[in-house]
Amino acid sequence: MKDSMKPHYGNWVPAKLLALLYAVSLGCAVLCVLAVACHWATPLCVVLAVALCVSLLFACLMTAFHHAFSFSGGMMGRVHEFVVESHHG
């Protein structure tokens, strides 16, 4: 069987999503530092700081889920084993 024909069982939390979430967190951090350094309006600094905290928390959670749903994390291996066993009897 050719490699292109083999099924690819990816992670339920794609690595590209993790990269995007960390990029958003980095962007919020840079804007927050810039806002404080340039003495921009305080509400803007607060909004950027909250956005930074939320995006970083979400990125960390998704990283933990990415590991949990990987074959090395155990969850995906158990799901795959369950599906194979349930179809083969």
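- Leu21 and Leu52 fall into different hydrophobic clusters, where Ile, Leu, Val, Met, Phe, Trp and Tyr are joined by side-chain heavy atoms under 4.5 Å apart, directly or via other members.
- Across every non-hydrogen atom of Cys45 and Cys32, the tightest pair is O-SG, 4.2 Å.
- Summarising the geometry, atom CE belonging to Met62 is positioned 9.5 Å from atom CG belonging to Leu57; distances are rounded to the nearest 0.5 Å.
- By the 4.5 Å side-chain criterion applied to Ile, Leu, Val, Met, Phe, Trp and Tyr, Leu34 is assigned to a cluster that also includes Leu31, Trp40, Leu44, Leu48.
- Leu17 and Phe65 fall within a single hydrophobic cluster, where Ile, Leu, Val, Met, Phe, Trp and Tyr side chains are chained together by heavy-atom contacts under 4.5 Å.
- Grouping Ile, Leu, Val, Met, Phe, Trp and Tyr residues whose side-chain heavy atoms lie under 4.5 Å apart, directly or via other members, places Leu56 in a hydrophobic cluster with Tyr22.
- No chain of hydrophobic side-chain contacts below 4.5 Å, direct or via other Ile, Leu, Val, Met, Phe, Trp or Tyr residues, connects Phe58 to Leu20.
- For residues 44-61, the pairs satisfying side chain to side chain donor-acceptor pair (under 3.5 Å) are Ser25-Ser55, with sequence neighbours left out.
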